[in-house]
Amino acid sequence: MPQRKTLALENRRTLLNVSRLMKAEAVKVIAQGSGLGQQELGGFLRTTIPAVIARYGNLNAVTAADYYDRVRAVSTKRAPAYKAIIPSFDAVAKSDTIVNYGMATFMSEGFDRLPDLLSIAMTTPVNSYNRDTLDQNAQLDTSAKTVQRIAEPNACAFCALLAFSTTTTAEGKTIGTRTFSYAPDFHDNCHCTVEVIFEGQDPIVPDYYKDFSSEYADTGGGSTKDVLAQIRANTGRR
């Protein structure tokens with residue numbers, strides 16, 4: 001049976017691949033709105049953007065539910081039976097801010113940059129199908145203890161700091177983690193993943209978190225804004 005680390009890497013690859021495929025299709029679809037007037041473009045975006053978000057978001061949700069069941073099987077012993085569910089998602093509601101952003105950009109800059117800008121903005125709601133599926137199942141499953149945000153090794157400064165700071169250690173041992181409610185702020189093109197920590201498990205601390213810790217220590221502390229600025233200056237992270 002695959003180990004937890006292997007499954008987690010599969011989940012991250014899925015998130016990356018779905019995001020990449022979605023952006024490629026979104027650029028092509030939105031580009032078809034070139035030449036439309038303001039009113040026609042608004043209607044076009046309100047139809048096409050939710051459709052693309054739903055298609056790729058649902059793919060993320062299905063694979064996340066499967067991932068939950070697989071990772072639960074290797075993480076729990078004699079736990080009550082549980083089968084992951086796929087939550088109900090509203091692609092139209094998830095699209096509202098993106099459509100509004102698109103129309104504001106169109107009015108101020110024209111159409112040319114719209115396909116690229118909106119395809120990037122759409123990564124946030126599409127990836128939320130994966131994260132929210134894991135989070136909601138963790139809330140329903142009595143064997144789940146908490147949910148943890150995991151940043152990738154080359155994460156931006158914000159994600160590196162936030163993911164690292166949600167894991168608490170003492171004398172080299174992991175002693176706790178904040179719950180998902182403390183760290184829900186995902187940005188466009190963000191590839192932080194959500195991991196469920198089951199009863200009896202410690203939070204996950206990837207090896208590269210020691211780099212995050214060193215980068216934080218090198219800042220000398222201060223406000224979050226100042227720390228992030230110093231990490232970016234020291235490391236070149238976005």
Side-chain angles (χ1 to χ4, degrees), residues 8 11-12 15-16 19-20 22-23 53 60 93-109 113-114 116-132 134-135 138-139 146-197 202-238:
N11 183 51
R12 185 183 297 285
L15 201 67
L16 285 165
S19 181
R20 189 179 301 114
M22 183 280 296
K23 286 191 288 184
I53 286 176
N60 264 337
K94 288 179 176 291
S95 304
D96 284 345
T97 57
I98 297 172
V99 172
N100 292 338
Y101 168 55
M103 294 309 298
T105 301
F106 173 71
M107 294 301 294
S108 62
E109 301 180 24
R113 296 178 63 223
L114 218 55
D116 287 330
L117 291 176
L118 296 188
S119 69
I120 292 171
M122 290 164 66
T123 60
T124 296
V126 167
N127 289 343
S128 74
Y129 280 67
N130 176 289
R131 299 171 182 134
D132 290 352
L134 294 169
D135 179 48
Q139 294 180 38
T146 190
V147 187
Q148 183 184 1
R149 178 184 186 141
I150 305 292
E152 58 185 338
N154 61 341
C156 68
F158 172 80
C159 290
L161 178 62
L162 187 57
F164 163 69
S165 66
T166 61
T167 302
T168 306
T169 60
E171 297 179 355
K173 296 181 179 180
T174 302
I175 60 174
T177 182
R178 296 178 185 175
T179 60
F180 180 79
S181 61
Y182 284 86
D185 297 320
F186 301 100
H187 56 78
D188 296 342
N189 273 339
C190 177
H191 296 117
C192 287
T193 56
V194 163
E195 290 293 335
V196 181
I197 309 301
D202 288 330
I204 297 169
V205 185
D207 292 342
Y208 54 84
Y209 271 34
K210 65 179 180 294
D211 297 328
F212 294 172
S213 178
S214 296
E215 291 168 7
Y216 174 76
D218 288 343
T219 68
S223 69
T224 299
K225 180 179 179 181
D226 290 341
V227 167
L228 288 173
Q230 193 61 53
I231 290 175
R232 292 181 179 116
N234 292 346
T235 68
R237 293 187 187 275
R238 292 179 287 107

To the nearest 0.5 Å, tell me how far [X] [atom1] sits from [Y] [atom2].
| X | Y | atom1 | atom2 | value |
| --- | --- | --- | --- | --- |
| Asp188 | Thr123 | CG | OG1 | 4.5 Å |
| Ile231 | Arg238 | CD1 | CZ | 13.5 Å |
| Ser119 | Leu117 | OG | CG | 8.0 Å |
| Phe186 | Thr124 | CZ | OG1 | 10.0 Å |
| Arg237 | Leu161 | CZ | CG | 10.5 Å |
| Ile150 | Asn11 | CD1 | CG | 11.0 Å |

What closest approach, in Å, do [X] and [Y] show between heavy atoms, and which atom pair accounts for it?
| X | Y | value |
| --- | --- | --- |
| Ala155 | Cys159 | CB-CB, 3.9 Å |
| Ser128 | Lys94 | OG-NZ, 2.9 Å |
| Ala157 | Arg232 | CB-CG, 3.7 Å |
| Glu195 | Ala8 | OE2-CB, 3.4 Å |
| Val227 | Gly222 | CG2-O, 3.8 Å |
| Ile53 | Ile98 | CD1-CD1, 4.1 Å |

I want to check something: taking the side chain as every heavy atom from C-beta on, are Leu134 and Val147 in contact at a cut-off of under 4.5 Å?
no
Keeping the roles fixed (side chain from Lys210, backbone from Asp207), state whether a donor-acceptor pair exists under 3.5 Å.
yes
Determine yes or no for a side-chain-to-main-chain donor-acceptor pair under 3.5 angstrom, with Asn127 supplying the side chain and Ser19 the backbone.
no
Would you please indicate yes or no on a ring centroid separation below 6.0 angstrom for Phe212 and Tyr208?
yes
Side chain to side chain contact (heavy atoms under 4.5 Å, CB included) evaluation trace for Arg131 with Leu15:
CA-CA 10 Å; Arg131 299 171 182 134; Leu15 201 67; 4.1 Å; yes
side-chain hydrogen bond (donor to acceptor under 3.5 Å, both in side chains) between Asp226 and Gln230, worked out:
CA-CA 6 Å; Asp226 290 341; Gln230 193 61 53; over 6 Å; no
Sequence neighbours excluded, which residues qualify as salt bridge (charged side-chain N to carboxylate O under 4.0 Å, His left out) partners of Glu152?
none
